[in-house]
Amino acid sequence: MAITSEFIAKIEGHGSLKIDWEKEIVKLHIHEGERLFEGILVGRTAEEAHWITPRICGVCPIAHNLASLAAVEDAYDIEITETPRLLRDLMMRGQMIQSHILHLFFLALPDYLGIDRGTELAQKDPDSFAKALALKELGDEIAYTIAGRNVHPTRTTIGGFHKIPSKEELEKLLKKLEATRRTSQWVADFCSKLDYPELKVDFELVAQEGGEILSSKKEKVPIKEYKINIQEELRESSTAKFGKFRNKEMMVGSLARLALNGKREKYDIDFENPFHNNIAQAIEVEKFHKEAIGIIDKLLHMDMVLEPFVPTLRVGDSPTRRVGLGAIEAPRGGLYHEIHLDENSVITYANIITPTVQNLTSIEKSAQALIDQTKDKEQKERERLLNMLIRAYDPCITCSVH
C-alpha cells in the first residue's frame, strides 16, 4: 500500500502516524477523545481547581495539582512559606522518579532489549527489573507520604497543606532513598549503553527556569508571556492542539532541561537526537533522587510548621477580578495553568498548555526527519524506528486533549 496508518503502541493514550510511502510524507494523528477540562473549570471556585485538574492525568497528577495551586496563589498574591515549599518540591521529585521509571523500563526500553513489554524484563534480566521496580515504588512512596496518595493528591491546599508528614515518616522515607542511592546512579549507566538510532533534527529546545522560559535558539522570555510565545493550532487530524514556540517546532522535557539547565554530564548526549531523551530522563532520575535526599535532610533539621489554614475564598472575599498563572516543569516538560477569577472567586476563564501539546509539532517533524534520513532501510524497519521515536518523547496523549 502507498499509504499506511501506523498505530503507536506503548504510549499513554491513542495516536498514529499516517505515512504516504510514495511521497515519503508522514503526519501525526491524535485519536483520544477531548477531555474539556478547561471548560469544566469555568464556573467552579478557586478552591476546587487543584482537586479537578489532577484528573487530567493519572501519570502526572502532582504536576497538575501544584500548577493549579500556584495559579490561585499567584492570583491572590499568596506567598507560601518554607515548609510547604520544600514539601511541594519533594512531591515533584517523587513525581519525576515515578514517571521516568515507568516510561523508561515499561514503555521505551523494551525496544532496545529485544522484548515486547517491560514485564518480560523480569525473566530476561531479573536484577535490572528489581532495581527498576524499587525506584518506581520509591517514587510512589514519596507521593504517598507527602501528598497523601501516590495518585491524585489529597493533602495540598491553597497556601500550604491540610496535613504534613511527621519527622518519623520522613526518616523512614530517607532510609529508602539511601538504600536506593546506587540504584538511581545505575539507571543512567544502564540507559546510556543502549544502542540508539542516529537522527538529526533541527528543533528548538525549551524549558522553564527561575520565572523565565529558556530557548536553545532565542533569547529567554518571562513565563508571564507564555501565551505570546507559545502558539497552539488546531488540526483536522487531531483532537489535540499542536504547539510551537515563536512559530518554530519545539521539544520540551528531559532533553531540553538537560541542555538548557543541567550540567553537561559524563554521558555522550546528542541534543539534536530525540532518541536521547531516554538518556536524559535516566540522568534526571539520579538528579531528582539526590535532590530528594537533600530536601528531606533540610526538613529534618528545621522546625516544620503547618501554616495556619488560608481563609476560605468565599463570596465577597475578593474586591476585584484576578488573574493567576501557575507554571511548573512536569516530567514531560513545561506545564502552564492560567485562571481568571471574578469578585466571588469563581473561575471565569481557564487555559492549560501541557508538555505533550508543545511536543506534538516536534514529534511530527522528527518523524519526517527519520523518513528522510532512512531511505536506505526497508519499510518495516522504518516503521519500527518511527514507533521507537514516538516513544522516546514519552508523550501523554491524554494530557494533550485536556
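His100 and Ser254 form a side-chain donor-acceptor contact under 3.5 Å, judged by distance and modelled atom types alone. No side-chain N or O of Thr154 forms a donor-acceptor pair with one of Arg149 less than 3.5 Å apart. For the residue pair Glu383 / Gln379, a side-chain donor-acceptor distance below 3.5 Å is found, with atom types taken as modelled. In this structure, a donor-acceptor pair under 3.5 Å is absent between the side chains of Thr354 and Arg332.
With hydrogens and angles disregarded, a donor-acceptor distance shorter than 3.5 Å links the side chain of His103 to the backbone of Arg391. Checked by atom type and distance alone, the side chain of Asn359 pairs as donor or acceptor with a backbone atom of Val252 at under 3.5 Å. Judged by distance alone, with hydrogens and angles left aside, the side-chain atoms of Asn277 form a donor-acceptor pair with the main-chain N or O of Leu255 at under 3.5 Å. Thr83 places a side-chain N or O within donor-acceptor distance of the main-chain N or O of Val305, the cut-off being under 3.5 Å. Using a distance-only test at 3.5 Å, with no hydrogens or angles considered, a donor-acceptor pair links the side chain of Arg155 to the main chain of Thr145. Of the possible donor and acceptor atoms, one in the side chain of Lys365 sits under 3.5 Å from a partner among the backbone N and O of Asp202. A donor-acceptor pair under 3.5 Å is absent between the side-chain atoms of Ser345 and the main chain of Thr45, judged by distance alone. At least one donor-acceptor pair closer than 3.5 Å links the side chain of Gln231 to the backbone N or O of Asn247. Put simply, the side chain of Glu225 never gets that close to the backbone of Pro222: no donor and acceptor are under 3.5 Å apart. Side-chain N or O atoms of Gln95 include one that pairs as donor or acceptor with a backbone N or O of Ala63 at under 3.5 Å.
Side-chain contact check for Asn278 versus Cys191: every heavy-atom pair is 4.5 Å or farther apart. For the pair His50/Val72, no side-chain contact is recorded, criterion being any heavy-atom separation below 4.5 Å from C-beta on. Side-chain contact between Asp394 and Ser99 is present, with at least one heavy-atom pair separated by less than 4.5 Å.
A distance of 12.5 Å separates CZ of Arg93 from CD1 of Ile146, quoted to the nearest 0.5 Å. Going from atom OH of Tyr267 over to atom CD1 of Ile279 covers 10.0 Å, rounded to the nearest 0.5 Å. Atoms CD and CH2, from Glu286 and Trp186 in turn, are 12.5 Å apart once rounded to the nearest 0.5 Å. Asp125 CG to Leu113 CG: the interatomic distance, rounded to the nearest 0.5 Å, is 8.0 Å. Here the straight-line distance linking atom CD1 of Ile115 with atom NZ of Lys124 works out to 6.5 Å at 0.5 Å rounding. With rounding to the nearest 0.5 Å, the separation of NZ in Lys298 from CG in Asp89 is 9.5 Å.
Around atom NZ of Lys27, no more than 12 heavy atoms belonging to other residues, nucleotides or ligands sit under 6.0 Å away. Heavy-atom neighbours of Lys248 NZ from other residues, nucleotides or ligands within 6.0 Å: above the threshold of 12. Atom CZ of Arg44 has 12 or fewer heavy atoms from other residues, nucleotides or ligands within 6.0 Å. Remark: Asp303 CG is loosely packed, at most 12 non-hydrogen atoms of other residues, nucleotides or ligands lying under 6.0 Å away. In this structure, Lys290 places its NZ atom where only 12 or fewer heavy-atom neighbours from other residues, nucleotides or ligands lie under 6.0 Å away. The number of heavy-atom neighbours closer than 6.0 Å to NZ of Lys167, taken from other residues, nucleotides and ligands shown, is above 12. By the neighbour-count criterion of 12 heavy atoms within 6.0 Å, atom NZ of Lys380 is sparsely surrounded, having that number or fewer from other residues, nucleotides or ligands.
Salt bridge Arg88/Glu73: present, at least one basic N to carboxylate O contact under 4.0 Å. Classification of Asp270 and Lys200 as a salt-bridged pair holds, one side-chain N sitting under 4.0 Å from a carboxylate O. Comment: Glu168 does not engage Lys172 in a salt bridge, judged by the lack of any side-chain N to carboxylate O separation of less than 4.0 angstrom. Classification of Glu284 and Lys287 as a salt-bridged pair fails, no side-chain N sitting under 4.0 Å from a carboxylate O.
In plain terms, the two heavy atoms of Val26 and Gln368 that are nearest each other are N-OE1, 3.0 Å.
Partners of Ala143 under the side-chain contact (heavy atoms from CB on, under 4.5 Å) rule, at least two apart in sequence or in another chain, are Ile62, Gln98, Asn150. Scored by the side-chain contact (heavy atoms from CB on, under 4.5 Å) test, Ala327 finds Gln208, Ile223, Tyr336 as partners (sequence neighbours excluded).
Residues Phe190 and Phe105 place their aromatic rings such that the two centres sit under 6.0 Å apart.
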Side chains of residues 174-181: which donor-acceptor pairs under 3.5 Å do they make with residues two or more places apart or in other chains?
| residue | atom | partner | partner atom | Å |
| --- | --- | --- | --- | --- |
| Glu178 | OE1 | Arg181 | NE | 3.3 |
| Glu178 | OE1 | Arg181 | NH2 | 2.7 |
| Glu178 | OE2 | Arg181 | NH2 | 3.2 |
| Thr180 | OG1 | Lys176 | O | 2.9 |
| Thr180 | OG1 | Leu177 | O | 3.2 |
| Thr180 | OG1 | His289 | NE2 | 2.8 |

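The side-chain contact (heavy atoms from CB on, under 4.5 Å) test with Ser216 is passed by exactly one of Met251, Glu204, Glu272, Met250: Glu204.
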